[in-house]
Amino acid sequence: MAIKLFDSLTREIRELQPSHPDGVLRFYNCGPTVYAPAHIGNFRAFVINDVLRRLLDLEFGPGRVKHVRNLTDVDDKTIRRAREEGRPLAAVTQQWTEKFHADCAALNCLSPHVEPTATGHIREQVDMIDVLMQKGNAYRAADGSVYFKVSSFDHYGELSRVKERELKLGSALKAAAADADEKEDVSDFALWKAHKDEDGANSWESPWGRGRPGWHIECSAMSKKHLGETIDLHTGGVDLLFPHHENEIAQSQCCNGVTFSRHWFHNEHLLVDGKKMSKSEGTLYTLDDLTAKGFSPMAVRYTLLMGHPRKQLNFTLDSLHAAEKALATLRAFRATLPATGGDPDVFAHEFAVLRDDLNLPEALGALFKVVNDKGLKVNATAFDRVMSVLGLDLQAVARKAAAPAAITALADKRWAVKQAKDFAAADALRKELAAAGWSMLDRKDGYSLEPLKK
RNA sequence: GGCGCGGUAGCCAAGUGGUAAGGCCGAGGUCUGCAAAACCUCUAUGCGCCGGUUCAAUUCCGGCCCGCGCCUCCA
């Protein structure tokens, strides 16, 4: 059964198929800008894309999927950050690239096959801009910047359904862009940005003078280099629909003369407490923020899977509690399963709904139907396949905050008096621990400590 | 102003022209010094509001109300 996925361009649910004769599905996922820790909204996109990747591996075979995800390591934000911290750009982007990788690993996301950087592909970007200049799709402004001429591409706006006219009207309502004076038309966008003082050492030579690439061109260039002129699937968050992906299509198709991507998929955003994440309201969580509250990264991953990828998902701390409990149930269920025997097809519905436009909530619902149905015979291998495609690692040790020494000392003391059957003293110590925000979980052979929740 | 998404139980969230998946919370129970864990049972006559189509609508159509997102560098 083929994988069907909504295509943002045709607005239909369509089958995903490799178009190249080698049978390799070419998959490009827009990656992060590495100037700060990614927040959970970013990770919703990466986790959803990770499930998609796992599903594609399953469908076509691991060697038949080529997954590319870029790192944006030169842009306004990264340069500003480097300037503010008085560090070289590379130091800043390396730090946050490493953090991004660590977070992805904690969330059990597979690594893409290629993870190209913008600064590593200056040559390729310049080459593309050069072709666009020669073909008359781009022009050099007085300050040395190069812009893409939107009016030169008839299909501009087809992805986001934003007509050029309306675009102008919309942007006219806003403050004019800083570079408005340099552009022939407000809709035009930068391919190459002439060097400015605040860019510091971060510029490269080009036929148009020193400068740096515009944002959009990097994806066009890296996609072309690593996947070819026509790719099978291009994904990202809905915010990238316009202008980023619209501009990528314009650049790539004008440059290469062929279809850029055969399929587009965009995940909706994550909301926190029903609203857009906001730094000032303290709702812009990073993975570290949540693990500091005692939640495991796997619970964060599970929470990000609770909603349909194409619908906004309301993230709350309660959802995280729910996820933690759901994972505990799955863990306990897994422990009861025999290695073999049982019905190998009990999870057929899970895979079917995942293949049908990545219906994650329904897949999770179907999963628990199986877990709760005592009449079904399930073996561990079949169950593990489901966990694997969802990327839920039940063995992962919960990354809980370590208890401070004072708390451990109290807990040891309580364990001792409990062994001596001085229950009154044990209860008193339990209260002390609770007052300090810790819960002591007794087992026959010892105890564990967890931060008190709620 | 343009483009788009959504309103389903206390919370999160699927779904269908034929009478509401699932998770959490909550309640009861088994077990257990206590607490927790685990396991069992229960928990929406209802799917924003008003009309229409239909034998039948939460599901289709129209209107309205409310919420959210994007509109030049934010996944």
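The shown structure was predicted, so the numbers you read here are calculated from the model rather than taken from an experiment. Proteins come first, then strands; the chains are lettered A, B, ... in the order of their sequence lines, and each starts at number 1.
Rounded to a whole Å, the CZ atom of Phe333(A) is 15 Å from the P atom of G22(B). In this structure, Leu159(A) atom CG and G4(B) atom P are separated by 12 Å, rounded to whole Å. The CG-C1' distance, from Asp185(A) to U72(B), rounds to 12 Å in whole Å. Rounded to a whole Å, the NE2 atom of His321(A) is 10 Å from the C1' atom of C24(B). As a whole-Å value, the separation of Lys183(A) NZ from U72(B) P is 10 Å. Per the geometry, CZ belonging to Arg331(A) stands 15 Å off C1' belonging to A36(B), to the nearest Å. The CD atom of Gln419(A) sits 14 Å away from the C1' atom of C34(B) (whole-angstrom rounding). Nucleotide C70(B) holds its C1' atom 8 Å from the CG atom of Leu241(A), rounded to whole Å.
Evaluation of the salt bridge (charged side-chain N to carboxylate O under 4.0 Å, His left out) rule for Asp76(A) yields Lys193(A), Arg212(A) as partners, not counting sequence neighbours. Residues that satisfy the side-chain hydrogen bond (donor to acceptor under 3.5 Å, both in side chains) test with Asp273(A), not counting sequence neighbours, are absent from this structure. In this structure Arg210(A) satisfies the salt bridge (charged side-chain N to carboxylate O under 4.0 Å, His left out) test together with Glu205(A), sequence neighbours excluded. Legend: residues meeting side-chain hydrogen bond (donor to acceptor under 3.5 Å, both in side chains) with Tyr35(A), ordered by chain and number and at least two apart, are absent. Applying the side-chain hydrogen bond (donor to acceptor under 3.5 Å, both in side chains) test to Asp73(A) and every residue at least two apart in sequence or in another chain returns Thr119(A). Applying the salt bridge (charged side-chain N to carboxylate O under 4.0 Å, His left out) rule to Glu115(A) yields the partners Arg69(A); only residues at least two apart in sequence or on another chain are considered.
Listed by first and then second residue, the salt bridge (charged side-chain N to carboxylate O under 4.0 Å, His left out) pairs that reach into residues 138-150 of chain A are Lys149(A)-Glu184(A), sequence neighbours excluded. Counting only residues at least two apart or on different chains, the side-chain hydrogen bond (donor to acceptor under 3.5 Å, both in side chains) pairs with a member in residues 297-311 of chain A are Asp50(A)-Arg301(A), Arg310(A)-Asp357(A).
Checking C70(B), G69(B), C34(B) against the side-chain heavy atoms of Asp239(A) singles out C70(B) as nearest. Distance from the side chain of Asp318(A) is smallest to C11(B) among G23(B), C11(B), A35(B). Closest contact between the side chain of Leu270(A) and the listed nucleotides A21(B), A75(B), C74(B) involves A75(B). When the nucleotides A14(B), U72(B), G23(B) are ranked by their closest atom to the side chain of Ser187(A), U72(B) comes out on top. Candidate nucleotides G4(B), A75(B), G15(B) were compared by shortest atom distance to the side chain of Leu240(A), and A75(B) ranks first. Ranking G33(B), A75(B), C68(B) by closeness to the Leu271(A) side chain, first place goes to C68(B). For Lys369(A), counting side-chain heavy atoms from C-beta on, the closest listed nucleotide (C71(B), A21(B), A75(B)) is A21(B). Checking C40(B), C74(B), A14(B) against the side-chain heavy atoms of Lys374(A) singles out C40(B) as nearest. In this structure, the nucleotide among G69(B), G15(B), C12(B) sitting nearest to the side chain of Gln312(A) is G69(B). You'll find that the side chain of His269(A) is closest to A75(B), out of A75(B), C3(B), U72(B).
Between Asn359(A) and A14(B), a side-chain N or O to OP1/OP2 separation shorter than 4.0 Å is absent. Between C70(B) and Lys276(A), a contact under 4.0 Å exists linking OP1 or OP2 to a side-chain N or O. Regarding contacts with the backbone of G69(B), every side-chain N or O of Lys311(A) stays at 4.0 angstrom or more from both OP1 and OP2. Side-chain nitrogen and oxygen atoms of Arg11(A) include at least one within less than 4.0 Å of the OP1 or OP2 phosphate oxygen of G4(B).
Here the two rings, on His234(A) and His263(A), have centers that are 6.0 Å apart or farther.
For Asn314(A) against C11(B), a side-chain-to-base donor-acceptor contact under 3.5 Å is absent. The base of G33(B) is paired with the side chain of Arg414(A) by a donor and an acceptor separated by under 3.5 Å. A donor N or O paired with an acceptor N or O is not found under 3.5 Å between the base of G22(B) and the side-chain atoms of Asn372(A).
Every stem involving RNA chain B, taken as at least 3 paired positions in a row under the Watson-Crick or G-U wobble test at 3.5 Å, is listed here: B:1-7 with B:65-71, B:10-12 with B:22-24, B:26-30 with B:38-42, B:48-52 with B:60-64.
Annotation: of the two residues near RNA chain B, Thr316(A) and Ala322(A), the 5′-most nearest-nucleotide partner is Thr316(A). Both Gly31(A) and Lys275(A) lie near RNA chain B, and the one whose nearest nucleotide falls closer to the 5' end is Lys275(A).
Separation of the C1' atoms belonging to U72(B) and C64(B) is 35 Å when rounded to the nearest angstrom. Taking the C1' atoms as reference points, A56(B) lies 41 Å from C39(B), given to the whole Å. Distance check on atom P: G15(B) versus C40(B) gives 27 Å, rounded to whole Å.
The stretch residues 41-50 of chain A touches RNA chain B through Gly41(A), Asn42(A), Ala45(A), each having a heavy atom within less than 4.0 Å of the strand.
Under a 4.0 Å N-O distance rule, the pair Asp442(A)/Arg414(A) qualifies as a salt bridge. A salt bridge links Lys99(A) with Asp288(A); the closest basic N to acidic carboxylate O contact falls under 4.0 Å.
Residues Leu132(A) and Gln251(A) are in side-chain contact: their nearest non-hydrogen atoms beyond the backbone lie under 4.5 Å apart.
Residue side chain Phe423(A) meets the stacking definition with respect to G33(B): its ring centre sits within less than 5.5 angstrom of the base's six-membered ring centre, and the planes differ by less than 30 degrees.
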Enumerate donor-acceptor pairs with a distance under 3.5 Å from any side-chain N or O in residues 363-377 of chain A to protein atoms, sequence neighbours excluded.
from	atom 1	to	atom 2	distance (Å)
Asn372(A)	ND2	Phe368(A)	O	3.0
Asp373(A)	OD1	Gly375(A)	N	2.8
Lys374(A)	NZ	Val371(A)	O	3.4

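Note on His308(A): only backbone sugar-phosphate atoms sit closer than 4.0 angstrom, heavy atoms only; bases stay farther off.
Tested against His67(A) for a ring-ring contact (aromatic ring centres under 6.0 Å, His included), the candidates Phe27(A), Tyr28(A), Phe46(A) yield a single pass: Phe27(A).
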Could you walk me through whether Ile217(A) and Phe148(A) pass the side chain to side chain contact (heavy atoms under 4.5 Å, CB included) check? CA-CA 10 Å; Ile217(A) 193 71; Phe148(A) 183 88; over 6 Å; no
Are there any protein N/O atoms within less than 3.5 Å of an N/O atom in nucleotides 25-31 of chain B, and if so, which ones and at what distance?
from	atom 1	to	atom 2	distance (Å)
C25(B)	OP1	Lys325(A)	NZ	3.4

